[in-house]
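First up is the structure itself, then whatever we jot down about it.
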Amino acid sequence: MPEQLTPSPARGLHIITWGCQMNVYDSARMADVLRPLGYSPVDSPDHADMIILNTCHIRERAAEKVFSELGRLRQIREARKLEGKQTLIAVAGCVAQAEGKELLARAPYVDLVLGPQTYHRLPEMVARIARAGGSVIDTDFPVESKFDLLPEDAAPQNEGNLTAFLTIQEGCDKFCSFCVVPYTRGAETSRPVASILAEAERLVASGVKEITLLGQNVNAFHGEWQDGIASLPELASLLHERIPALKRLRYVTSHPRDMEQALINAHRDNPIFMPYLHLPVQSGSDKVLKAMNRSHTADEYRDIIRKLRAARPDIALTSDFIVGHPGETDEDFEATMQLVRDVRFASAYSFKYSQRPGTPAAGQPFQVAEDVKEKRLAALQALLREQQDAFNASLIGTVQDILVTGIGRKPGQLNGRSPYLQPVHFEGDPALIGQIVKVHITTPFTNSLGGHLSKQEGTTI
Ligand code: SAM
Ligand code: SF4
């Protein structure tokens, strides 16, 4: 039985976040809703009155990983109890949504289990535990939208408060054969534009220069606006027109099927769109794409890339790949390699297919053997690495606009972010933090670039 909470003016909150950018955003919002109760972030779970494990269910052994982490948190809680301190343990996110009851059965010392759609109810749940003890589980898909009920002081999430994520769309109706998202995050919904603009204004007023709009299918966005509906390019125009201090805009993750011409044109016409797009393709084989229920062919994907490059020649493309989907042959895998050679990516994520219980592909025959998946993944990653190195090398000798995000590790060094999302290191005055400066790129590192401030021009803002 969990300990009773005693009112406390200052309580430590430690959130462990696994998974995608949306989980990073959700963790920040959970901190926002708990702030009025006196919770503020602490760096270590050892000093936390409440620990939240925000989980991801996308790939294998998700539940195992959660139980092993919970074992560690339980020990921390026991040690704190010996010192007379109380600790609430909460599990949030997609594993909580998918395995809520089993989770409590296997780890009864967990106090709260909540899904991605109910974290606005956290204060209520904490109060219920304080009143009556026991555990609380809330994995509903409530009728009320959490976005209408979140506090209005959304905090930026990273890089010296200069960059932030902003969720504009959630859930997915596409039902790809391999994916748990439609089951854990629910049906596709878009936030009303007015609420997005208000949140973006607050973020920019607090110093944010670059926003990444988030959604499981962000380019399917269709949010209420005045008497109608706004699409993603329309939302981007509104953000540009109404918030002049917002300098950079990105969005993730997009589906090829929703990559409409108006959005492609916006990459040419809207100056705050960065020349960068993450557009997952998963496979280059039409047979596998069909089995995955992706609803486009490899050539349709190539065609979208061609249109994007026509609209914005300097656009850098990244993607997601799955190797070893059930039924994938050597020939299918070669089609994926060919697509990669044809498109040339600036970077990409690639994964071995992992059977997710309850998804259509999990029950299909012709599962691919583990050693075959491993071989294919290694070959794909080697090719993608070559392309990433080539992309980074192509920037040597160019001058790039870099958002200065903070102090570097070496004395006198600054860190920044390129238009293509690469970390960039160069020497400069810390007074430049928060500005966009011209940097002459000189050195490619494995996952970043080195350079020096360009003499040709000063800062751009
Ligand atoms: N909505 C995005 C899209 O349509 O591509 C992707 C969302 S998912 C959170 C991120 C990536 O995880 C996917 O693009 C896919 O490559 C990978 N992924 C999802 N389910 C997977 C599975 N069962 N096995 C391996 N990788 C998976
Ligand atoms: Fe999952 Fe993306 Fe497919 Fe939706 S579109 S089911 S989120 S992979």
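Quantities reported herein were computed from a predicted structural model and do not represent experimental measurements. Hydrogens, waters and symmetry mates are skipped; everything else that's a heavy atom, side chains included, is used. Whatever order the structure lists them in is the order used to number ligands and atoms, beginning at 1.
Relative orientation of the Y420 and F391 rings is perpendicular, given thresholds of 30° and 60° on the angle between their planes.
Pocket lining of ligand 1, defined as residues with a non-hydrogen atom under 4.0 Å away: I58, R59, F178, Q216, T253, H255, P280, Q282, R294, D320, I322, F351, K352, Y353, S354, R356.
Protein contacts to atom 3 (Fe) of ligand 2 involving N, O or S atoms at a distance below 2.8 Å are C176 SG.
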Run the side-chain donor-acceptor check on residues 63-70: report pairs under 3.5 Å with partners two or more places apart or on a different chain.
| residue | atom | partner | partner atom | Å |
| --- | --- | --- | --- | --- |
| E69 | OE1 | R72 | NE | 3.4 |
| E69 | OE2 | R72 | NE | 3.3 |
| E69 | OE2 | R72 | NH2 | 2.7 |

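Using a 4.0 Å cut-off between charged side-chain N and carboxylate O, D299 and R302 make a salt bridge. Between K375 and D371, none of the side-chain N atoms (NZ, or NE/NH1/NH2) sits under 4.0 Å from a carboxylate O, so this pair counts as no salt bridge. Of the charged side-chain nitrogens involved, at least one lies within less than 4.0 Å of a carboxylate oxygen, so that E328 and R376 count as a salt-bridged pair.
Counting only residues at least two apart or in different chains, salt bridge (charged side-chain N to carboxylate O under 4.0 Å, His left out) contacts with residues 309-322 comprise R312-D314.
By the 4.5 Å heavy-atom criterion applied to side chains, I436 and R248 are counted as neighbours.
Between H255 and Q216, the side chains place no donor N or O within less than 3.5 Å of an acceptor N or O (distance only, hydrogens not considered).
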Let me see the working for N415 and H425 under side chain to side chain donor-acceptor pair (under 3.5 Å), right down to the final yes or no.
CA-CA 5 Å; N415 287 339; H425 317 291; 2.9 Å; yes
